[in-house]
Amino acid sequence: SQQGEEDPQALSIQEGENATMNCSYKTSINNLQWYRQNSGRGLVHLILIRSNEREKHSGRLRVTLDTSKKSSSLLITASRAADTASYFCATDLYNTDKLIFGTGTRLQVFP
Amino acid sequence: DVKVTQSSRYLVKRTGEKVFLECVQDMDHENMFWYRQDPGLGLRLIYFSYDVKMKEKGDIPEGYSVSREKKERFSLILESASTNQTSMYLCASSLGQGVKGYTFGSGTRLTVV
């Protein structure tokens, strides 16, 4: 069962530009998380935002959460070529530690 | 540095073989998970475990089983490998309670011929 859906599926930008990815989900959550995956590798946890939080920052990352719309966005500011990767949102099924992942956004940052 | 280690990066097996994918974590995490990742389908949960000797089915358990005899090790077993089980397999562990995110292994790319 797919809980999160990312939009867009693919995004290409120049270095220095900002990248915004969106995630929509279907059911109540405790928290929403974002992960990055470099080609052919495992996922790396980026940031976790709880259902009672609206915004969270970590370095060049900013995540927002709107539980009324069941949506979240990930903003990467001043993108670098090294940010090229796939980005996934994941939501926990309420009261469990099980994460349901979306299909991801492929971000390409050109030097 | 904390780690989740998957025993093989690449694996090629024949149809009908019994396949073992091993995952070890050194973080004393309670929870461990097995996902498979396929293009266009994202990550799908196969099995997970909240404690030693405990296991629960995920969304796609058919054709798979798991074993967790020790806290640090979670094995995924393909009872009789089939070509439609060709995929990237990802193991993860977590503290639980939504405290922090998952820590993933590097993945095992399994090809069944």
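First the proteins, then the strands, lettered A, B, ... as listed; each starts at 1. All values reported here derive from a predicted model rather than from experimental measurement.
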Applied to residues 42-86 of chain A, the ring-ring contact (aromatic ring centres under 6.0 Å, His included) test, sequence neighbours excluded, yields A:Tyr35-A:His45
Taking non-hydrogen atoms and a cut-off under 4.5 angstrom, which of residues 82-91 of chain B neighbour chain A?
-> B:Met88, B:Leu90
Please report the C-alpha distance between A:Val44 and B:Thr103 in whole Å, then the side-chain angles of each, then the deciding distance to 0.1 Å, and finally whether the side chain to side chain contact (heavy atoms under 4.5 Å, CB included) criterion is met.
-> CA-CA 7 Å; A:Val44 174; B:Thr103 301; over 6 Å; no
Which atoms of B:Tyr102 approach chain A - backbone, side chain, both or neither, heavy atom under 4.5 Å | both
Could you state the interatomic distance from CG (A:Asp97) to NE2 (B:His29), rounded to the nearest 0.5 Å?
-> 10.0 Å
Assess whether side chain to side chain contact (heavy atoms under 4.5 Å, CB included) is satisfied between B:Leu45 and A:Phe101, documenting all intermediate values.
-> CA-CA 9 Å; B:Leu45 182 62; A:Phe101 288 81; over 6 Å; no
At what distance, to the nearest 0.5 angstrom, does OG of B:Ser94 lie from NZ of A:Lys98?
-> 13.0 Å
Out of curiosity, does A:Met21 fall in the hydrophobic cluster containing A:Ile13 (side-chain heavy atoms, cut-off under 4.5 Å, transitive links)?
-> yes
Segment of A:Leu99 engaging chain B (4.5 angstrom heavy-atom cut-off) = both
Using heavy atoms and a sub-4.5 Å threshold, report which of residues 106-113 of chain B line up against chain A, by residue number.
-> B:Ser106, B:Arg109
Group every Ile, Leu, Val, Met, Phe, Trp and Tyr by side-chain heavy-atom contacts under 4.5 Å, then state whether A:Leu43 and B:Tyr35 land in the same group.
-> yes
Counting only heavy atoms not in A:Arg80, do more than 12 fall under 6.0 Å of its CZ?
-> no
Does a sphere of radius 6.0 Å around CZ in B:Arg14 hold more than 12 heavy atoms from other residues, nucleotides or ligands, not counting ones at 6.0 Å or beyond?
-> no
Engaged part of A:Gln9 at the chain B interface, taking heavy atoms whose separation is under 4.5 Å = neither
Could you state whether B:Phe33 and B:Val66 fall into the same hydrophobic cluster, counting links through intermediate Ile, Leu, Val, Met, Phe, Trp or Tyr residues with side-chain heavy atoms under 4.5 angstrom apart?
-> no
Is A:Leu11 reachable from A:Val63 through a run of hydrophobic residues whose side-chain heavy atoms are each under 4.5 Å from the next?
-> yes
Taking only residues two or more places apart in sequence or in another chain, which ones pass side-chain hydrogen bond (donor to acceptor under 3.5 Å, both in side chains) with B:Arg68?
-> B:Ser49
With only heavy atoms counted, which part of B:Glu56 is less than 4.5 Å from chain A, the side chain, the backbone, both or neither?
-> neither
Shortest non-hydrogen pair, A:Phe88 vs B:Leu43, comes out as CE2-CD1, 4.1 Å
Going from OG1 on A:Thr103 to CD on B:Gln37, what distance comes out if it is rounded to the nearest 0.5 angstrom?
-> 10.5 Å
Do you reckon A:Tyr25 sits in the same ILVMFWY cluster as A:Trp34, going by side-chain contacts under 4.5 Å, direct or chained?
-> yes
